[in-house]
Trainee: 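Pasting a structure below so you can have a look.
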Number of protein chains: 2
Amino acid sequence: MTTSLSGARTGAARLAALASLAADETRAGFLLALLDGRAWTAGELARHAGVAASTASEHLGKLVAGGLLAEERQGRHRYVRLADARVAQLVEDLAAQVSPTAAARPRTLREAGAGSAMARGRTCYDHLAGRLGIAVTDALTGLGLLRQDTGFALTDEGVNWFEGVGIPLVRTGQRPLARACLDWTERRPHLAGIAGAALCQHALNANWCTRIGSERAVKVTEKGEQALSQLLGIQADTLR
Amino acid sequence: MTTSLSGARTGAARLAALASLAADETRAGFLLALLDGRAWTAGELARHAGVAASTASEHLGKLVAGGLLAEERQGRHRYVRLADARVAQLVEDLAAQVSPTAAARPRTLREAGAGSAMARGRTCYDHLAGRLGIAVTDALTGLGLLRQDTGFALTDEGVNWFEGVGIPLVRTGQRPLARACLDWTERRPHLAGIAGAALCQHALNANWCTRIGSERAVKVTEKGEQALSQLLGIQADTLR
DNA sequence: CCCATCGTTCGGCGGTGGCCGAAGTGTGGG
DNA sequence: CCCACACTTCGGCCACCGCCGAACGATGGG
């Protein structure tokens, strides 16, 4: 039995129950790891967080019961991922709140390398972030395809641009077409929402960029540099 | 000494520390109460939550230390309010997440009365919400002053409208001019951000609406009905 | 069929944290 | 000057929760 977040309780109790899910360092680590948008196995998360498998199993049970994670059983593996874009946005927002300035500097060379790759480009749930995400967002804004001065929305030219490039924007449910996501290395908004997700998916499908290892970081390919330069006027060296 | 949220700790630890602040039912109640944007005294919050003054004092200490609340001492009173619009948005987002459909139905007549007044119109931190907020947002959208189809942003005509009505939009720091806030009774986005706050302040200053009692609920005055009808074409009976 | 691997359940341990009442501090009013 | 009031600090109590290891169940490969 699980104490649902939306049951017959006061708003304060439900809010506290939701926050409790993220109020544990191990579970918070799970959520941040899952921000890459992919599905992880229980074991991977346990090792990532440095806890016993049994501990991780209990945590995952709570997160799933609370609606933050979706799970998919495949054979003897339990894959989990963030339940939906709404949850991802919430985790993003929480994460952004606790990194007010530049995040803690990396200590070791290895971390510095990984950090710099992450800073260059990465996925943030289902859209592009890091300098790559910023560069794309800025380019769209500079070309009048996206307007950020009075809010955050695509212009009509912007919608046409997506169609022209061959990136379909399928409006699903309540999710906004364009939305700002605050980057926690660059401290600037970048494109999220349906358009951000579609662009990221296209970039990966069309081989504009590829994932580095098993982490969130992505690397822009030569083909990607050409495409971004031609379509958005982004200088290749901006991304290095 | 306080364990800062942005100290030299891992991201997961900082996220967990932030979430811990809202992970207690009493503190969550404080945050929700403070969503009305006003400053409360420690005693008011203690009575509101039904805990001893000493307990409330400790909770307030944590929330202030964690940066979620700002405090102001006046004589023997300790006034607290949400630290800034960023924190307010975070609490809003969390609250919206835990009320997936219509909130629990009111049980008593008194609650039903208060609930319906709240549903008609209320403040959400510094902007208008409830049916009033929705009506204004929809009217702005219908008149082409606000566009929600490709994101959420004022149009140029929208910016001019604010100037014309005599509501100055002063851009401060990073805060967006317009932003969507998801209403948790109507389940629809309404205008927040600088424009939403300016509009709400103007509505209260110009006596378009007044606060009911000491709660978040607001009531549209006759003058307000005329103004909203004339400026935005909102039918008076929409607001009743 | 056996075994390695992945995950779950259970019992027990220890720390954390929320709660209260009582006592203490400071403020303002009579 | 004294008292009422708002808040804070302290000590103690209790519940909850995260952690682990060990045992158990399930899956898939050899």
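A note on names: the letters A, B, ... follow the listed sequences, proteins ahead of strands, and every chain is numbered from 1.
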Trainee: Once side chain to side chain donor-acceptor pair (under 3.5 Å) is applied, do any residues pair with B:Glu225, and if so which ones, sequence neighbours excluded?
Mentor: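 Per chain and number, B:Glu225 pairs via side chain to side chain donor-acceptor pair (under 3.5 Å) with B:Arg240.
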
Trainee: Under the rule for salt bridge (Lys or Arg N to Asp or Glu O under 4.0 Å), what residues qualify as partners of B:Arg27, not counting sequence neighbours?
Mentor: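 Testing B:Arg27 for salt bridge (Lys or Arg N to Asp or Glu O under 4.0 Å), a comparison that skips the adjacent residues, returns none.
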
Trainee: In this structure, how many angstroms lie between the C1' atom of D:dC20 and the CG atom of A:Asp24, rounded?
Mentor: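 Atom-to-atom, A:Asp24 to D:dC20, this comes out as 14 Å.
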
Trainee: Picking from A:Val87, A:Leu34, A:Leu21, what satisfies side-chain contact (heavy atoms from CB on, under 4.5 Å) with A:Leu69?
Mentor: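 In the set A:Val87, A:Leu34, A:Leu21, the residue that makes a side-chain contact (heavy atoms from CB on, under 4.5 Å) with A:Leu69 is A:Leu34.
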
Trainee: My understanding is that only residues two or more places apart in sequence, or in another chain, count here; which of them pass ring pair (Phe, Tyr, Trp, His ring centres under 6.0 Å) with A:His59?
Mentor: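 So A:His59 forms no ring pair (Phe, Tyr, Trp, His ring centres under 6.0 Å) with any residue.
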
Trainee: Could you tell me whether the side chain of B:Glu58 has a donor or acceptor atom within less than 3.5 Å of a complementary atom in the base of D:dC7?
Mentor: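 Side chain to base: no pair present.
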
Trainee: With A:Arg211, which residues qualify under side chain to side chain contact (heavy atoms under 4.5 Å, CB included), at least two apart?
Mentor: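 Side chain to side chain contact (heavy atoms under 4.5 Å, CB included) check on A:Arg211 returns A:Arg38, A:Thr123, A:Leu204, A:Val218.
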
Trainee: Does anything in residues 45-57 of chain B form a side-chain hydrogen bond (donor to acceptor under 3.5 Å, both in side chains)? List the pairs, not counting sequence neighbours.
Mentor: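 Those involving residues 45-57 of chain B do not exist here.
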
Trainee: Side chain to side chain contact (heavy atoms under 4.5 Å, CB included) with B:Pro189: which residues, sequence neighbours excluded?
Mentor: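 Applying side chain to side chain contact (heavy atoms under 4.5 Å, CB included) to B:Pro189 gives B:Gln148, B:Phe152, B:Ala180, B:Leu182.
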
Trainee: Kindly state which residues belonging to residues 44-55 of chain B come within less than 4.0 angstrom of DNA chain D, counting heavy atoms of the residue only, listed by number.
Mentor: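 B:Ala53, B:Ser54 - these, ordered by number, are the residues of the stretch whose heavy atoms sit under 4.0 Å from the strand.
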
Trainee: Tell me whether the side-chain N/O atoms of A:Lys62 come closer than 4.0 Å to OP1 or OP2 in D:dC17.
Mentor: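 No, because none of the side-chain N or O atoms of A:Lys62 sits under 4.0 Å from OP1 or OP2 of D:dC17.
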
Trainee: Kindly write out the residues that satisfy side chain to side chain contact (heavy atoms under 4.5 Å, CB included) with A:Glu71, not counting sequence neighbours, or none if the list is empty.
Mentor: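 A:Glu71 satisfies side chain to side chain contact (heavy atoms under 4.5 Å, CB included) with A:Val64, A:Arg73, A:Arg78, A:Val80 once adjacent residues are dropped.
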
Trainee: For residues 69-78 of chain B, which residues have at least one heavy atom under 4.0 Å from DNA chain C?
Mentor: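 Those residues are B:Gly75, B:Arg76.
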
Trainee: Which residue lies toward the 5' end of DNA chain D, B:Thr41 or A:Arg27, if each is placed at its nearest nucleotide?
Mentor: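 Comparing both residues, the 5'-ward one is B:Thr41.
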
Trainee: Would you call B:Arg175 and B:Asp126 a salt bridge, taking side-chain N to carboxylate O under 4.0 Å as the test?
Mentor: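 Judged by the 4.0 Å cut-off on N to carboxylate O distance, B:Arg175 and B:Asp126 do form a salt bridge.
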
Trainee: Any side-chain hydrogen bond (donor to acceptor under 3.5 Å, both in side chains) pairs touching residues 17-26 of chain A, not counting sequence neighbours?
Mentor: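 The answer is none; no pair qualifies.
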
Trainee: Taking side chain to side chain contact (heavy atoms under 4.5 Å, CB included) as the test, write out the residues that go with B:Arg81, two or more places apart.
Mentor: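 For B:Arg81 the side chain to side chain contact (heavy atoms under 4.5 Å, CB included) partners, ignoring immediate neighbours, are B:Ala39, B:Ala70, B:Glu72.
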
Trainee: CD of B:Glu25 versus P of D:dA15: gap in Å, rounded?
Mentor: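 Interatomic distance, CD of B:Glu25 to P of D:dA15: 17 Å.
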
Trainee: Can you pull the contact range of chain B along DNA chain C, 5' to 3', using atoms under 4.0 angstrom from its heavy atoms?
Mentor: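 Extent of the interface on DNA chain C: C:dG18 to C:dG28.
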
